[in-house]
There are 2 protein chains.
Amino acid sequence: MGLTKSEIFTNEQNQIASLAKAFAHPARVAILQHIINSNTCICGDLVDEIGLAQATISQHLRELKNIGLIKGNIEGTSVCYCIDENNWTEAKHIISQFLDYESKNTNCC
Amino acid sequence: MGLTKSEIFTNEQNQIASLAKAFAHPARVAILQHIINSNTCICGDLVDEIGLAQATISQHLRELKNIGLIKGNIEGTSVCYCIDENNWTEAKHIISQFLDYESKNTNCC
DNA sequence: TTCTTTTATCGTAATATTGCAATATAATAA
DNA sequence: TTATTATATTGCAATATTACGATAAAAGAA
């Protein structure tokens, strides 16, 4: 047990859940907000601004990169991270569509 | 370790992460979609329609109820679950606002 | 009352996540 | 070359999540 039964759900359900999981930790939310709001997006800056160890930040960055929300460009010894705009927009659409429902069941509950 | 350091993040960051966590499992996405799309929202129907044990569905329902996305009304021996429209709308706004960013850094990366 | 139905909770095993020290890797500087 | 700097990876401990059988609780039926 303890293993999510992905195979019994639709691709859409699994995709929504995967995207939501990327946003489901405050450190990753903070990382994304920092990348969005600052003009620089150097990994080391994130370590300074967020109070977590370098290894931890790097791990969260990898998760965000794996799901495609950010991408990293090597600049000398540093890495500049930024939002992958295409994937971000797609993610926004998928989640918005899921959240955007018009109530039909005014008689229920 | 293994404990999220909530205290180093803003309330907004923690709130976004908590909401996202509710959507971060396909079973909960499926439950919400079923509640939204069907006219009935009886717990037992969800157990039949989704291929998970009754205890597991009940556990997911509790998580969704705890965060306020759904509410349950007792109807005889069954429980009718439905979306908490006010909280759902609020959650939608919080997440949409987070996802809705206009790119400023065309020169970055 | 007892039986049935429905949902919730408990207990537990398996797996996943979080966090960090230590270390490895890669690029540049001296 | 050897240092230095920045990031990634490894390994591990602590905690959280997922899933389900067993059982409890609550309401109605017999």
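Chain naming here is simple, since letters A, B, ... match the order of the sequence lines and numbering starts at 1 in each. Bear in mind the structure is a predicted one, so any value in this text is a computation, not a measurement.
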Discussion item. Between B/Ser78 and B/Glu75, do the side chains contain a donor N or O and an acceptor N or O under 3.5 Å apart?
Written reply: no
Worksheet item: Between A/Phe23 and B/Phe23, is the gap from one ring center to the other below 6.0 Å?
Response: no
Discussion item. Judged by each residue's nearest nucleotide on DNA chain D, which is more toward the 5′ side, A/Gln59 or A/Lys65?
Written reply: A/Lys65
Item to complete: Name the nucleic acid region contacted by A/Thr56, choosing base, sugar-phosphate or nothing; use a 4.0 angstrom heavy-atom cut-off, strictly under.
Response: base
Worksheet entry | Phosphate contact (D/dA8 OP1 or OP2) by A/Arg62 side-chain N/O below 4.0 Å | no
Discussion item. If I take atom NZ in residue B/Lys5 and atom P in nucleotide D/dT15, what distance separates them, rounded to the nearest angstrom?
Written reply: 13 Å
Worksheet item: So, is B/His60 close to the D/dA19 phosphate, meaning a side-chain N or O under 4.0 Å from OP1 or OP2?
Response: yes
Worksheet item: Given atom CD1 of B/Ile42 and atom P of C/dA8, what is their separation to the nearest angstrom?
Response: 11 Å
Discussion item. For A/Glu90, give me all partners under salt bridge (charged side-chain N to carboxylate O under 4.0 Å, His left out), at least two apart in sequence or on another chain.
Written reply: none
Worksheet item: Atom CD1 of B/Ile50 and atom C1' of C/dT7: how far apart are they, to the nearest Å?
Response: 15 Å
Worksheet item: Quick one: which of C/dG19, C/dT7, D/dC20 gets closest to the side chain of A/Leu52?
Response: C/dG19
Discussion item. Pair A/Phe98, A/Leu19 - check side-chain contact (heavy atoms from CB on, under 4.5 Å), show working.
Written reply: CA-CA 12 Å; A/Phe98 169 62; A/Leu19 283 172; over 6 Å; no
Worksheet item: What is the nucleic acid contact for A/Ile57, judged by heavy atoms within less than 4.0 Å: base, sugar-phosphate only, or nothing?
Response: nothing
Worksheet, complete the sentence: Per-nt protein contacts along nucleotides 22-30 of chain D (heavy atom under 4.0 Å; B base, S backbone sugar-phosphate only, - none) come out as B----B---
Worksheet item: Got a sec, which residues hit salt bridge (charged side-chain N to carboxylate O under 4.0 Å, His left out) with B/Asp48, two or more places apart in sequence or on another chain?
Response: none
Worksheet item: Rounded to the nearest 0.5 Å, how far does CD1 of B/Ile50 lie from CD of A/Gln13?
Response: 7.5 Å
Worksheet, complete the sentence: Between CG of B/Asn66 and C1' of D/dT17 the distance, given in whole Å, is 14 Å
Fill in: For A/Lys21, side chain to side chain donor-acceptor pair (under 3.5 Å) partners two or more places apart
none
Worksheet item: For DNA chain D, what residues of residues 6-30 of chain B have any heavy atom nearer than 4.0 Å?
Response: B/Lys21, B/His25, B/Arg28
Item to complete: Output yes when at least one side-chain N/O atom of A/Tyr81 is less than 4.0 Å from OP1 or OP2 of D/dA8, else no.
Response: yes
Discussion item. Tell me the interatomic distance from B/Leu61, atom CG, to C/dT9, atom P, rounded to whole angstroms.
Written reply: 11 Å
Worksheet item: In whole Å, what is the span from the CG atom of A/Leu46 to the P atom of D/dT7?
Response: 9 Å
Item to complete: Could you tell me the separation between the CD atom of B/Glu63 and the P atom of C/dT9, rounded to a whole number of Å?
Response: 13 Å
Worksheet entry | Value in whole Å for how far the P atom of C/dT17 lies from CG of A/Leu64 | 13 Å
Discussion item. Quick check for you: to the nearest 0.5 Å, what is the distance between B/Ile94 atom CD1 and B/Ser18 atom OG?
Written reply: 10.0 Å
Worksheet item: With sequence neighbours excluded, what pairs up with B/Glu12 under the salt bridge (charged side-chain N to carboxylate O under 4.0 Å, His left out) test?
Response: none
Item to complete: Pick out which of B/Asp84, B/Ile83, B/Val79 makes a side-chain contact (heavy atoms from CB on, under 4.5 Å) with B/Tyr81.
Response: B/Val79
